[in-house]
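Before any comments, here is the structure.
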Amino acid sequence: MKQHERYVVAGGRRLEGEVAISGAKNAALPILAAALLTAGESVIHNAPMIRDVAVMIEILRKLGARVEEGPAGVSGRTLHIRADGVSSLEVGADFTREMRSSIFLMGPLLARVGKIRISYPGGCAIGPRPIDFHLRGLEMLGARIEERFGYIEASVPRRLRGTEIYLDFPSVGATENLMMAAVLAEGTTVIRNAAREPEIVDLQEFLNKLGAKVRGAGLDVIRIDGVRRLGSVEHTVIPDRIEAGTFLAAGAITGGEVTVQGVIPEHLDAVTAKLREMGVTVREGAGSVTAIGPRRLKATDLKTLPYPGFPTDMQPQMMALMAVADGTSIITETIFENRFKVADELRRLGANIKTEGRTAVVQGVRSLSGATVECPALREGMALILAGLVAEGETEIEAIYHIDRGYQNLEEKLTRIGAVIERR
Ligand code: UD1
């Protein structure tokens, strides 16, 4: 990771062409953790080549799993994972600080080896992100959990026991963590008020191919009948709906025509509906979606919600679109308390945005002008690239290591459809 690298984007180009979408980051991460549940082989296709996945692979290796990485492909690479000899059970702060998703290791490791010591995941730029639902659910499944010296130490006396769990909020990560833990538990687990994201359905498919008995993913009640052991699996990760939405937004903001290939159009419904409200022409094909931007986008209002509502991971990108739209847009962020940091950076480019608590009021301006800005986080960084694509002159975007966490071959993909972007 090179902390000092930056993107320089020259504004004013209309983007046109096709983009191949990679495997979903948020599906690949829990699936990689789930590979620890079995001594058998997990073959995972379309694992995106991004920093977060590289970190997860490093952690799996440190825990004693063997991971072979296949050749690079447009949608990611194939991984062969064998976790027959999982021995080291400690995950240190160097990993958990860099990637909060390392919390996913708790469920599988408790189920498989009954013990884990993991450094407490830190907060991040989009809010404190507590893990209380994860810990409470694991305790209900029979884990003993102690928090000391910045570490969470968890153990299972014998075997996890199935139980009824109600989540106060449909947390994506807690739903996935508890599903993975329950797969090898004794008896049946029911998770109520579960998150319904497509990535959870993908995890269910992966687990069931391994021999687990999970049903209900995609609905708000998930039932898991525990089994004694799991086998081997071959699975293709679903396409990344956030990467796809981001490229459609790039077509929309530049008045261009961008087609994302290899997607599941239904997963993008909330995003395409908003783009249409903003005056974008959207065409859906089999496995593709095209966005054709208007001369000027129209303002609209937006509220983030758990799936199938509008994804918070597309909220910063939409803020960039609204910044240049005709009229006033209002964004209500209901998932994370502190996800408007990019507004400060967009203002440096000339945007007119006011934020107050969970609400942002975006008064569209006719044009933005290039300046030096800094990525507060992953999706926020993409919002700055989108703004840079239409700003007059050059926009320098610093701290792009955030963007590397989640976008495979970003500058190649953008350059191929006509953007002028360079990594320096
Ligand atoms: C996942 C996604 C992330 C996305 C988010 C919401 C992955 C790897 N990351 O994150 O990209 O933005 O879903 O769609 O899939 N909460 C608690 N206690 C908990 C857990 C969560 O209070 O124990 C709160 C969070 O602070 C937040 C809300 O619940 O306000 C939703 O968080 P959650 O769905 O858990 O997000 P992540 O799984 O962290």
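Start at 1 and go down the list; that is how both ligands and their atoms are numbered.
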- Message: On a heavy-atom basis, I'd like to know which of Asp132, Leu29, Ile242 is closest to atom 18 (N) of ligand 1.
- Response: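 Nearest heavy atom to atom 18 (N) of ligand 1 lies in Asp132.
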
- Task: For the pair Arg117 and Glu153, find out whether any cationic side-chain nitrogen is under 4.0 Å from an anionic carboxylate oxygen.
- Result: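 Counted as a salt bridge, because a side-chain N and a carboxylate O are separated by less than 4.0 Å.
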
May I ask whether [X] has any heavy atom positioned less than 4.0 angstrom from an atom of ligand 1?
X      : answer
Ala174 : no
Arg100 : yes
Ala195 : no
His134 : yes

- Specify side chain, backbone, both or neither for Ser101, according to which of its non-hydrogen atoms lie closer than 4.0 Å to ligand 1.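 It is the side chain that gets close, since no backbone atom is under 4.0 Å.
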
- Query: Which is it for Ile335 and ligand 1 at heavy atoms under 4.0 Å: side chain, backbone, both or neither?
  - Reply: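 Looking at Ile335 and ligand 1, atoms from backbone and side chain both fall under 4.0 Å.
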
- Message: Please tell me whether Glu18 and Thr259 have a donor and an acceptor in their side chains that are separated by less than 3.5 angstrom.
- Response: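 No.
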
- Query: Quick one: do the Ser119 and Thr96 side chains pair a donor with an acceptor below 3.5 Å?
  - Reply: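 There is such a pair between these side chains.
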
- Query: Are any of the side-chain heavy atoms of Leu378 and Tyr407 separated by less than 4.5 Å?
  - Reply: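 The answer is yes; the side chains approach within 4.5 Å.
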
- Query: What do you reckon, is CZ of Arg358 surrounded by more than 12 foreign heavy atoms closer than 6.0 Å?
  - Reply: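 Yes.
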
List the atom pairs, donor and acceptor, that lie under 3.5 Å between side-chain atoms in residues 170-184 and the rest of the protein, sequence neighbours left out.
from	atom 1	to	atom 2	distance (Å)
Ser171	OG	Ala174	N	3.0
Thr175	OG1	Ser171	O	2.6
Thr175	OG1	Ala195	N	3.1
Asn177	OD1	Gly107	N	2.8
Asn177	ND2	Ile103	O	3.1
Asn177	ND2	His134	ND1	3.0

Residue [X] vicinity, atoms of ligand 1 by number, heavy atom under 4.0 Å:
X      : answer
Gly173 : 35 (O), 38 (O)
Thr312 : 6 (C), 12 (O), 14 (O)
Asp313 : 3 (C), 4 (C), 11 (O), 12 (O)

Counting only nitrogen or oxygen atoms and a 3.5 angstrom limit, does [X] reach ligand 1?
X      : result
Glu197 : no
Phe133 : yes
Val172 : yes

- When rounded to the nearest 0.5 angstrom, what is the spacing between OG1 in Thr189 and CD in Glu164?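 If we round to the nearest 0.5 Å, Thr189:OG1 and Glu164:CD are 9.0 Å apart.
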
- So which pairs with a foot in residues 30-42 pass side-chain hydrogen bond (donor to acceptor under 3.5 Å, both in side chains), sequence neighbours left out?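 For residues 30-42: Glu41-His80.
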
- Quickly, which of Val67, Val53, Ile31, Val233 forms a side chain to side chain contact (heavy atoms under 4.5 Å, CB included) with Ile44? Name it, please.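 It is Ile31; the other options fail the test.
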
